[in-house]
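Here the structure comes first, spelled out in structure tokens, and everything after it is commentary.
Hydrogens, waters and symmetry mates are skipped; everything else that's a heavy atom, side chains included, is used.
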Amino acid sequence: MPLSEKNIPVHHLTTEQFQLMTLDTGHPENFNDIHRHNFFEIIWFQKVKENSSLELDFESYSLKNNQICIIAPGQVFNMKLKGEKGYVLAVSREIFRETCDIESILTGGTIPFLLDEENEATCSTVISLIEKEYKGMSRIGLLKTYLRAFCIIITEQISLQDPSINDRQRIHQLVSLIEEHYTVEKDTRFYADQIKISTHHLNDIVRHSRGTTVKKMIAQRLLLEAKRELSFGALTVKEIAFKLGFSDASYFSRFFRKQTGQNPEGFKSGKS
């Protein structure tokens, strides 16, 4: 496949910093392809069809009624709409930073999560206010206020579903640090030192919160970026290895095979 066809399309907010649409009547972009966003998107699946699913960063998720999925800028997304009902909020990075707790969202909210009955009722009230204002005077200050209320509710829902609530700040720090340093710092001690706790304590927090270890979190971030580059980028396997901080391509290939069961070349050709 030519490179121009392999490059993943990036969807942009062009005329507005905030858009509201419904799943059954329209959408500010085309869901039916693999794409990324340069903005945040909140999708509330109020009613879904049997076997409804979406793909987010190479993982497939089955959908249920009253689930919310938050797509962060840069994530690879794909979904085939089959008549699901619900709302889509497309929000610029700037407005999202103003109105939402980004760290909480990125730590626990970028996969589908359920709204409980009480929060479902509150979110319905708030989304009605957003819809009325958006279709009416569309005052951005008021829309931000309503969006902030909506984000507070869903962030609290994420917190209720996160067993590590007492250590959320440290997990937030870790996620941010890994995102910033994962290509050059692959040792747990570096991250523990930055957070100012022992490696043992940090791993205990991560194990309790995520059911994994710091080392595996770093590996998963490396693997995700490797898959993105192999699927949609123009770099060779050797160039990807060096970009991700591996000392040589063979080391990278061993790492990739250990994580996926196949060589980078095989994964890349399978996506062509």
Assess the residue pair Ile43 and Ile70 against the criterion (side-chain contact (heavy atoms from CB on, under 4.5 Å)); give the C-alpha distance rounded to whole Å, side-chain angles, the decisive distance to 0.1 Å, and a yes or no.
CA-CA 6 Å; Ile43 308 174; Ile70 301 168; over 6 Å; no
Please check this pair: side chain of Thr155 against backbone of Ile152, looking for a donor-acceptor N/O pair closer than 3.5 Å.
no
NZ on Lys216 to CG on Asn203, rounded to 0.5 Å:
10.0 Å
Minimum heavy-atom separation for Phe18 to Ile130, with atom names?
CZ-CG2, 3.8 Å
Parallel, tilted or perpendicular, as decided by the 30° and 60° cut-offs, for the rings of Trp44 and Tyr87
tilted
Tell me whether Ile102 is reachable from Ile42 by hopping between hydrophobic residues (I, L, V, M, F, W, Y) whose side-chain heavy atoms are closer than 4.5 Å.
yes
Let me confirm one number: the CE-CZ distance from Met217 to Arg210, rounded to the nearest 0.5 Å.
4.5 Å
Distance (rounded to the nearest 0.5 Å) between Arg148 CZ and Leu143 CG:
12.0 Å
Step by step, work out the side-chain contact (heavy atoms from CB on, under 4.5 Å) result for Ser231 and Phe58.
CA-CA 10 Å; Ser231 296; Phe58 305 96; 3.6 Å; yes
Interatomic distance, CD1@Ile158 vs CD1@Ile153, rounded to 0.5 Å, equals 12.0 Å
Heavy atoms of Ala226 and Ile240 approach each other most closely as CA-CG2, 4.5 Å
Do Phe113 and Cys69 have side-chain heavy atoms sitting under 4.5 Å apart?
no
Would you find a donor on one side and an acceptor on the other, under 3.5 Å apart, between the side chain of Glu133 and the backbone of Arg139?
yes
With the side chain counted from C-beta on, respond yes when Ile68 and Pro112 share a heavy-atom pair under 4.5 Å apart, and no when they do not.
no
Do Lys47 and Phe45 make a side-chain contact, defined as non-hydrogen atoms from C-beta onward lying under 4.5 Å apart?
no
For a 4.5 angstrom cut-off between non-hydrogen side-chain atoms, does Tyr61 reach Gln67?
no
Go through the side-chain N and O atoms of Glu84 and Ser52 and say whether any donor and acceptor fall under 3.5 Å apart.
yes
Between the CG atom in Leu114 and the CG atom in Asn119, the distance rounded to the nearest 0.5 Å is 11.5 Å
If every non-hydrogen atom of Asp248 is compared with every non-hydrogen atom of Ala241, which pair is closest and at what distance?
O-CB, 4.2 Å
For the residue pair Phe256 and Phe252, does the interplanar ring angle fall in the parallel (under 30°), tilted (30 to 60°) or perpendicular (over 60°) class?
tilted
Kindly compute the distance separating OG (Ser53) from CG (Leu63), expressed to the nearest 0.5 Å.
6.5 Å
For the residue pair Leu222 and Leu244, what are the closest heavy atoms and their distance?
CD2-O, 3.6 Å
Any salt bridge between Lys243 and Glu239, counting N to O under 4.0 Å?
no
State whether the side chain of Asn65 and the backbone N or O of Val48 hold a donor-acceptor pair below 3.5 Å, judged by distance alone.
yes
What's the verdict on side-chain contact (heavy atoms from CB on, under 4.5 Å) for Leu89 and Ile127, showing C-alpha distance, side-chain angles and the deciding distance?
CA-CA 10 Å; Leu89 301 171; Ile127 206 79; 4.2 Å; yes
Begin from the C-alpha positions of Leu115 and Cys123 and carry the test side-chain contact (heavy atoms from CB on, under 4.5 Å) through to its verdict.
CA-CA 9 Å; Leu115 284 177; Cys123 281; 4.1 Å; yes
Answer yes or no: are there more than 12 heavy-atom neighbours, outside Lys215 itself, under 6.0 Å from its atom NZ?
no
Tell me which one of Glu179, Lys186, His181 satisfies side-chain contact (heavy atoms from CB on, under 4.5 Å) with Arg221.
Glu179
Where is the tightest heavy-atom contact between Gln46 and Gly86, given as atom of each residue plus distance?
OE1-CA, 3.6 Å
Donor-acceptor pair, Gln19 side chain versus Val91 backbone, under 3.5 Å?
no
Measure across Lys268 and Leu235 and return the closest heavy-atom pair with its distance rounded to 0.1 Å.
NZ-O, 3.6 Å
Heavy atoms, side chains only, cut-off 4.5 Å: are Lys144 and Glu98 in contact?
yes
Hey, is the main chain of Asn38 close enough, under 3.5 Å, to the side chain of Arg93 for a donor-acceptor pair?
yes
May I ask you to decide whether Asp57 forms a salt bridge with Arg228, counting only side-chain N to carboxylate O separations under 4.0 Å?
yes
Counting only heavy atoms from other residues, nucleotides and ligands, does the tally under 6.0 Å from CZ of Arg207 exceed 12?
yes
For the residue pair His37 and Phe77, categorise the inter-ring angle as parallel (less than 30°), tilted (30 to 60°) or perpendicular (more than 60°).
tilted
Using distance alone, with no hydrogens and no angle criterion, decide if Tyr182 and Gln220 have a side-chain donor and acceptor under 3.5 Å apart.
no
Flag the pair Ser92 / Ile95 as yes when at least one side-chain heavy-atom distance between them is below 4.5 Å, and no otherwise.
yes
Tyr146 (side chain) donor-acceptor with Glu131 (main chain) under 3.5 angstrom:
no
Using only atom types and a distance under 3.5 Å, with no angle test, would you say the side chain of Asn263 pairs donor to acceptor with the backbone of Glu265?
no
Tell me whether Phe242 shares a hydrophobic cluster with Ile218, the cluster being built from Ile, Leu, Val, Met, Phe, Trp, Tyr side chains joined at under 4.5 Å.
no
Using a 4.5 Å cut-off on heavy atoms from C-beta on, say whether the side chain of Phe40 contacts that of Leu13.
no
Side-chain heavy-atom pair Leu174, Val206 within 4.5 angstrom cut-off:
yes
Should the heavy atoms of other residues, nucleotides or ligands under 6.0 Å from CD of Glu94 be counted, would the total exceed 12?
yes
Short side-chain to backbone donor-acceptor contact, Lys82 and Asn51, under 3.5 Å
yes
